[in-house]
Novice: 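I have a structure I would like to understand better, so I am pasting it below and will then ask my questions one at a time.
We count ligands from 1, going down the list as the structure has it; atoms in each ligand are counted the same way.
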Amino acid sequence: YAQKTDKFMGEIVNYDETTVPKYNLPDLLKNPKGERVKNISTWEKKRRPEILSLFEENIYGTMPSKFDSLNFKITNEKADAMDGKAHLKEIEITAWNKGNSVSFPVVLFIPNKRTKPAPVFLLINNRGKRNTDPTRISKSTFWPAEMIIDSGYAIAAFHNADVAPDRKETYQNGILTQLFPEQLQKDNGMKAIGSWAWAASRVMDYFISDKDIDAKKVAIVGHSRGGKTALWAGAQDQRFAMVFNSCSGSTGASLARRKYGETVSLINKQFGHWFNNNYKKFSNNVDSLPVDQHMLIGLIAPRPVYTTNATQDRWADPYGSFLSSVNAKPIYDLYRQKVTLPKDMPQINRPIINSAIGYHFREGAHDLNVYDWTNFIRFANFNYAVKN
Ligand code: GTR
């Protein structure tokens with residue numbers, strides 16, 4: 001386990017903290033002219049949009065802001081699902097653009113025991129539809145729906161591959177070819193992760209139309225590649241009230257410049273279809289990236305964001321994710337949001353909950369499980385209560 005290097009796809013993978021290179025992180029609060037952002041207004045009007053477009057241009061691709069129309073159809077409904085505890089709605093979302101359309105299904109359970117519209121957790125499901133079985137014949141710790149319902153939240157999910165297949169040969173065969181073919185022509189055009197994030201925003205559009213849901217309390221959740229997507233969706237679409245990313249690793253919460261575990265070069269080689277073409281230019285040149293991943297967390301401010309890592313998942317660089325969180329703090333300070341992250345890496349299984357930036361380093365494997373969800377609920381309870 002203490003092995004300090006590994007080899008993968010012809011590259012040495014570093015797992016040695018002592019050989020992490022020295023690096024300088026781009027400053028969240030300084031514009032390219034070196035001027036310091038001193039207030040929320042300059043952040044929101046100037047610096048934030050500037051950073052957002054740097055992420056679009058160099059990593060995730062441009063996000064199309066327009067399309068012709070959207071339609072929601074309830075394809076199945078059961079008011080007494082889960083032995084009467086929840087109301088099940090299966091929704092088919094259809095988006096149209098220039099005469100073409102794409103449809104994708106969403107599963108939603110809403111607690112019946114409530115006095116007002118329910119806050120909701122929306123999972124970007126990247127691990128197969130069995131995890132989000134609406135019949136509940138098949139249950140999964142990846143999406144423990146009963147547990148979420150018992151805690152008073154609604155829970156929803158869509159499957160990423162329904163809007164863009166997760167394969168380098170076929171990722172185009174979804175919203176890209178159908179709705180936004182121009183994205184495929186450009187070096188800064190979005191690919192799979194951009195497409196999945198776009199779909200998350202369409203589910204957000206749906207929530208706004210459902211009176212049983214409190215659209216001001218929609219948390220977006222994702223694991224690994226889904227976690228990268230959750231962060232990007234939350235950065236892009238400020239209607240998401242909270243962001244939860246589980247083991248999101250490279251090009252998620254982890255700092256690129258540390259070159260620990262999965263690097264920009266390796267992720268581009270293995271998963272080039274997730275990011276735009278421009279990102280490939282940084283494979284062997286991460287220090288010239290105009291951003292690093294702490295800035296992605298900064299874009300979510302002042303909204304609460306929670307990151308997890310697992311002890312057996314060095315590939316995702318746990319310490320690098322923790323450092324991203326710590327380095328995003330200046331923006332939360334600007335908004336006077338309380339961040340109680342310690343200076344050093346938290347101990348295993350000691351979640352930081354009472355904070356606008358939360359974090360835990362859990363025992364175990366690269367996964368999203370009941371321990372993670374338990375702490376997501378605690379974090380949401382704390383932060384929604386703080387706001388009220
Ligand atoms: C890995 C990939 C990671 C992560 C993971 C997953 O193979 O290298 O970046 O996204 O897949 O999604 O489970």
Novice: For ligand 1, which part of Trp274 has a heavy atom less than 4.0 Å away: the side chain, the backbone, both, or neither?
Specialist: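 Answer for Trp274: side chain.
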
Novice: As an exercise, state the distance from CG of Asp166 to CZ of Arg225, rounded to the nearest 0.5 Å.
Specialist: 4.5 Å

Novice: Do me a favour and list the nearest non-hydrogen protein atom to atom 2 (C) of ligand 1 with residue, atom name and distance?
Specialist: Phe271 CE1, 3.4 Å

Novice: Could you check if a side-chain atom of Arg303 sits within less than 4.5 angstrom of a side-chain atom of Ile300, using non-hydrogen atoms only?
Specialist: yes

Novice: Which option wins on minimum heavy-atom distance to atom 8 (O) of ligand 1: Lys228, Glu262, Arg127?
Specialist: Glu262

Novice: What orientation do Tyr306 and Phe376 show, parallel under 30°, tilted 30 to 60°, or perpendicular over 60°?
Specialist: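 Perpendicular, since the angle between the ring planes exceeds 60°.
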
Novice: Please determine whether side-chain contact (heavy atoms from CB on, under 4.5 Å) holds for the pair Leu88 and Met82, giving the CA-CA distance in whole Å, both sets of side-chain angles, and the decisive distance to 0.1 Å.
Specialist: CA-CA 9 Å; Leu88 164 69; Met82 292 181 181; over 6 Å; no

Novice: One residue to check: Ile267. Relative to ligand 1, which of side chain, backbone, both or neither has a non-hydrogen atom less than 4.0 Å away?
Specialist: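 Only the side chain of Ile267 comes within reach of ligand 1.
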
Novice: Determine whether the side chain, the backbone, both or neither of Arg225 has a heavy atom under 4.0 Å from any heavy atom of ligand 1.
Specialist: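 Looking at Arg225 and ligand 1, atoms from backbone and side chain both fall under 4.0 Å.
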
Novice: Looking at Trp43 and Val37, what are the two nearest heavy atoms and their distance?
Specialist: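 Residues Trp43 and Val37, closest heavy atoms: N-CG1, 3.6 Å.
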
Novice: Nearest to atom 5 (C) of ligand 1 by heavy atom, Gly222, Ser224, Ser248: which?
Specialist: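 Ranked by closest heavy atom to atom 5 (C) of ligand 1, first place is Ser224.
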
Novice: Taking the six-membered ring of Tyr332, is NZ or CZ of Lys338 closer than 6.0 Å to its centre and within 45° of its axis?
Specialist: no

Novice: Please check whether Asn126 reaches ligand 1 - meaning an N/O of the residue sits under 3.5 Å from an N/O of the ligand, judged on distance alone.
Specialist: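 In fact, backbone or side chain, Asn126 has no N or O that close.
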
